[in-house]
Protein chains: 2
Amino acid sequence: MALEHALLVALSEKPGSGLELARRFERTLGFFWQASHQQIYRVLARMEADGWVEVETVAQEGRPDKRVHTPSATGRAVLREWLAAPMTLEEFRSETAVKLRGASYGDRAAVLRNLAQARADHATRLTHYEQLEREQFPDPAGLTGAALDRWLVLRGGVRLEQFWIDWTTDYLKAHGEAPR
Amino acid sequence: MALEHALLVALSEKPGSGLELARRFERTLGFFWQASHQQIYRVLARMEADGWVEVETVAQEGRPDKRVHTPSATGRAVLREWLAAPMTLEEFRSETAVKLRGASYGDRAAVLRNLAQARADHATRLTHYEQLEREQFPDPAGLTGAALDRWLVLRGGVRLEQFWIDWTTDYLKAHGEAPR
DNA sequence: AGCCCCATGTAACCGGTTACATGATTGG
DNA sequence: CCAATCATGTAACCGGTTACATGGGGCT
């Protein structure tokens, strides 16, 4: 329902080409909204056709030209309207949860092994997020506006990884595995 | 990639018709995997064609017949194989997160208002989960096997709602709103 | 010469959502 | 009689994924 809107947020922070957006998504908004470059190009083309963004072709030294997108007045209005709309209760879809629930119908030892690996992966990502937090927000107390929002969303990423670690730890312990 | 597998888990717990499955999904697995009856019918038909389930038509008093699905030997083997496969690092896709990050490009007061509502919705769901836990698992210490798994997944639901409440509380407080 | 990176895309597919359809039975 | 429930579907759409394509530049 809303790669368009995620792109408008990203372009409001900083105009950019399709590939730049794809790379930014991997690093920032991508914690909570993933998008491949193919899909970004397709949606950007639609947004351009609908007049949500303005495009400027920028020549570069020793590289292909890039098409830099900026939200238009229409795009900014669309974004404002979307931001003010009520949030729907979000659903969480987890293959892992299905596996945990179904473990007794297969090889439980394998499930526990894979879960321990998943737990380690989440721990790695948590460490990464915490490092980003130290680097980008050394003094959170003084933040306001968009910078404060960016910090709070990163905090959400940290909290989410902690959720995963806590839950998987619960599961492993309850089945007699001692994590870490 | 895996409504098939979620259905195999559900049918392993208890065989059932399409509509029964749809209702069960709303109450149990649905915390972590939502599915409409339309899609369940479609996937069940494919599973039947592929020989993953066996179907028995059961006549009922004063109601239409129902087609009860049970995992076949093939289906059980498919489920075992899927359960043993490594888990991929799960991505979380949140429209709310995008709105929080973009709040400064629209009406922040409206975003905060909607977020307070979202927080209340998650609190309601948390209360609901906790009630289910008290009803269905009054004595978790004695659980083993599939029942233990069901409790642990419900615990995951509780933890997830707590994550939402904690995060939204962070955000509201940082922007000078006092929740509750 | 071969490979990776930049940059922009197209095409086929696939899973899930939404809207609609049918027909029987029970309850107000 | 009407509405709701049980039960099973079909059809159109839509967003996202995967695979493939193109062409120039720099690096080894």
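Below, chain A is the first sequence line, B the second, and so on; all start at residue 1.
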Starting at atom CG of B/Leu3, determine the distance to atom C1' of C/dC14, rounded to an integer number of angstrom.
13 Å

What is the distance from CZ of A/Arg23 to C1' of C/dC6, rounded to the nearest Å?
7 Å

Are OP1 or OP2 of C/dT8 and a side-chain N or O of A/Tyr41 less than 4.0 angstrom apart?
yes

What is the distance from CG of A/Leu44 to P of D/dG15, rounded to the nearest Å?
15 Å

Per the ring-ring contact (aromatic ring centres under 6.0 Å, His included) rule, what does the pair list look like for residues 95-126 of chain B, sequence neighbours excluded?
B/His122-B/Trp164

With 3.5 Å as the limit, what N/O pairs link the protein to nucleotides 18-28 of chain D?
| unit_1 | atom_1 | unit_2 | atom_2 | d |
| --- | --- | --- | --- | --- |
| D/dA19 | N6 | A/Gln38 | NE2 | 3.1 |

Linking I/L/V/M/F/W/Y whenever any side-chain heavy atoms sit under 4.5 Å apart, do B/Leu19 and B/Leu21 land together?
no

Between A/Arg67 and C/dG9, does any side-chain N or O lie under 4.0 Å from OP1 or OP2?
yes

Take A/Asp65 and B/Val43, find for each the nucleotide of DNA chain C with the closest heavy atom, and name the residue whose nucleotide sits nearer the 5' end.
A/Asp65

ILVMFWY clustering at 4.5 Å (side-chain atoms), partners of A/Val58
A/Val68

B/Lys66 NZ to C/dA24 C1', in whole Å, measures 16 Å

Residue pairs meeting salt bridge (charged side-chain N to carboxylate O under 4.0 Å, His left out), one or both in residues 117-126 of chain B, sequence neighbours left out, come to A/Glu91-B/Arg125, B/Arg125-B/Glu161

Distance in angstrom units between A/Gln60 CD and C/dC5 P, rounded
17 Å

For D/dG15, does OP1 or OP2 lie under 4.0 Å from any side-chain N or O of B/Arg93?
no

Interatomic distance where CD belongs to A/Glu95 and P belongs to D/dT17 [whole Å]:
14 Å

Describe the nucleic acid contact of B/Arg42 in one word from base, sugar-phosphate, nothing, applying a heavy-atom distance below 4.0 Å.
base

Check whether any side-chain heavy atom of A/Gln162 lies under 4.5 Å from a side-chain heavy atom of A/Tyr129, and answer yes or no.
no

For the residue pair A/Tyr171 and A/His175, does the interplanar ring angle fall in the parallel (under 30°), tilted (30 to 60°) or perpendicular (over 60°) class?
tilted

Salt bridge (charged side-chain N to carboxylate O under 4.0 Å, His left out) filter on B/Arg24, not counting sequence neighbours, yields none

Are the aromatic ring centres of A/Phe32 and B/Trp167 under 6.0 angstrom apart?
yes

Atom CD of A/Glu20 and atom C1' of C/dC5 are separated, to the nearest Å, by 14 Å

Spacing between B/Gln34 atom CD and C/dG16 atom P, to the nearest angstrom:
10 Å

Angle between the end axes of the helix from C/dA1-D/dT28 to C/dG28-D/dC1, five pairs per end, to the nearest 10 degrees?
20°

Is any side-chain heavy atom of B/Leu8 closer than 4.5 Å to one of B/Met47?
yes

